[in-house]
Amino acid sequence: MKIVEANGLGLRTRRGWVYRDVDLSAEAGELHAVTGPPGSGRTSLLLALAGRFPHSHGELRRRGPAALGQVAGVHEPDPTLTVAEHIQERLLLLGPVLRRRRQLVPVAAVRARRAYRRDAFAAAIAGAGFTDAPLDPDRYGRDLTPVERQVLGLVLASLSGPNLIVADDVDAGADAPERAWIWAALSRLADQGYAVVASARAVEPGATAITHRIGDPALPGPALVAPRAAAEADLTPEVTA
């Protein structure tokens with residue numbers, strides 16, 4: 001089942017192109033990687049695919065809900081909460097899965113949301129398939145390493161039972177073993193039936209990801225506008241006749 005489909009997707013603002021001419025089609029159970037240099041628009045593209053950022057050119061279709069993993073400056077851990085508290089808070093906000101929606105939410109997510117009063121951390125980690133995750137339930141958000149932030153973001157994203165999970169800069173601050181682990185973890189999420197789209201500078205050798213490279217140097221340079229600055233910068237899409 002096709003979850004997200006972008007055809008000729010682009011965002012051009014008064015400051016120039018943020019990203020352009022992106023074709024990406026992700027089905028349930030697939031892992032896609034968006035690669036490119038810093039400033040190539042990877043973050044803005046991922047947020048657009050998830051319905052959290054605008055696009056001005058092309059077409060975008062998405063089936064079902066999307067959830068964000070770690071996106072620096074946009075969706076990050078609370079520095080004052082522990083890992084376990086992040087999970088408990090998310091489960092309380094989500095509440096129980098309604099009976100009429102149980103066929104639409106992965107069984108693991110349903111079980112985690114039922115278990116929030118008992119052992120939310122263990123249920124959430126198991127539900128995401130991350131029982132080997134390098135994550136301490138008592139560690140505060142401010143103390144998490146880049147990889148731990150990615151893992152927590154993916155676990156939290158899986159709890160809502162979305163069709164699409166996106167995660168940004170999954171290789172940032174990670175050494176070779178950590179990069180290998182995170183790509184394997186992303187593959188496990190896809191194996192559970194999620195469509196997963198992650199951005200990175202490069203895909204780790206051996207990762208089973210469908211790769212899309214953006215930021216072709218032959219094209220005009222993108223506007224270096226961070227999504228966090230959307231409220232402060234003029235990001236009104238440029239309309240062409």
Side-chain angles (χ1 to χ4, degrees), residues 31 43 46 50 52 65-98 101-102 105-200 204 207 228:
L31 169 60
T43 301
L46 255 65
R52 308 293 183 90
L68 299 182
Q70 161 79 5
V71 180
V74 177
H75 195 255
E76 298 183 290
D78 185 319
T80 66
L81 296 180
T82 66
V83 167
E85 288 168 344
H86 276 93
I87 292 172
Q88 291 165 352
E89 179 185 64
R90 181 63 58 87
L91 290 170
L92 284 168
L93 289 171
L94 289 169
V97 179
L98 299 176
R101 293 198 67 245
R102 286 181 187 169
V105 177
V107 172
V110 175
R111 289 174 178 167
R113 286 162 72 167
R114 286 175 174 169
Y116 75 91
R117 290 184 183 277
R118 302 191 304 276
D119 194 346
F121 175 80
I125 292 293
F130 294 171
T131 52
D132 60 340
L135 205 57
D136 180 349
D138 297 321
R139 195 173 177 89
Y140 282 94
R142 60 176 173 264
D143 299 323
L144 296 177
T145 67
V147 172
E148 290 170 337
R149 285 171 168 259
Q150 290 290 346
V151 174
L152 177 58
L154 293 172
V155 171
L156 294 175
S158 72
L159 292 176
S160 63
N163 288 9
L164 171 67
I165 294 176
V166 304
D168 191 34
D169 273 339
V170 297
D171 56 351
D175 59 23
E178 290 172 331
R179 291 194 300 270
W181 189 92
I182 198 72
W183 283 107
L186 291 165
S187 293
R188 288 198 295 255
L189 279 177
D191 289 343
Q192 293 183 49
Y194 300 107
V196 181
V197 182
S199 80
E204 193 69 8
R228 189 174 188 177

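Basis for what follows: all heavy atoms, side chains included, without hydrogens, waters or symmetry-related copies. Sequence positions, counted from 1, serve as the residue numbers for this chain.
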Would Thr82 and Asp138 satisfy side-chain hydrogen bond (donor to acceptor under 3.5 Å, both in side chains), going step by step from the backbone distance to the final call?
CA-CA 5 Å; Thr82 66; Asp138 297 321; 5.5 Å; no
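- Checked for salt-bridge contact, Asp132 and Arg188 meet the test: a charged N lies under 4.0 Å from a carboxylate O.
- Side-chain atoms of Gln70 never come within 3.5 Å of backbone atoms of Asp169 as a donor-acceptor pair (strictly under, hydrogens ignored).
- A 4.5 Å side-chain heavy-atom check between Val155 and Ile125 finds at least one atom pair inside the cut-off.
- Proximity of a side-chain donor or acceptor of Gln150 to a complementary backbone N or O of Val147 within less than 3.5 Å is not detected.
- Side-chain contact between Leu46 and Val197 is present, with heavy atoms from C-beta onward closer than 4.5 Å.
- Taking CD from Gln88 and CZ from Phe121, the interatomic distance works out to 10.5 Å, rounded to the nearest 0.5 Å.
- The CG atom of Leu159 sits 11.0 Å away from atom CG of Leu93, with the distance rounded to the nearest 0.5 Å.
- A distance of 11.5 Å separates CG in Leu152 from CD in Glu76, rounded to the nearest 0.5 Å.
- Across all their heavy atoms, Glu85 and Thr80 have their closest contact at OE1-O, 4.2 Å.
- Remark: Leu92 CG to Ile87 CD1 distance equals 12.0 Å, nearest 0.5 Å.
- When all heavy atoms of Ala133 and Trp181 are compared, the pair lying nearest together is CA-CZ2, 3.5 Å.
- Using a distance-only test at 3.5 Å, with no hydrogens or angles considered, a donor-acceptor pair links the side chain of Gln192 to the main chain of Ala128.
- For the atom pair Leu144 CG and Arg142 CZ, the distance stands at 10.0 Å (nearest 0.5 Å).
- Remark: Glu178 engages no residue in a side chain to side chain donor-acceptor pair (under 3.5 Å) (not counting sequence neighbours).
- Remark: side-chain polar atoms of His86 are paired, donor with acceptor, to backbone N or O of Asp78 under 3.5 angstrom.
- Residues Ser199 and Val170 have side chains not in contact (no heavy-atom distance under 4.5 Å, counting atoms from C-beta outward).
- In terms of modelled atom types and a separation under 3.5 Å, the side chain of Arg179 and the main chain of Ala174 share a donor-acceptor contact.
- Counting only heavy atoms from C-beta outward, the side chains of Leu31 and Tyr194 never approach each other to under 4.5 Å.
- Using a 4.5 Å cut-off on side-chain heavy atoms (C-beta onward), Phe130 and Ser158 make no contact.
- Of all non-hydrogen atoms in Arg52 and Leu68, the two that sit nearest each other are NH1-CD1, 3.3 Å.
- Pro162 and Ala157 make their closest contact through CD-O, 3.3 Å (heavy atoms, listed as atom of the first residue, atom of the second, distance).
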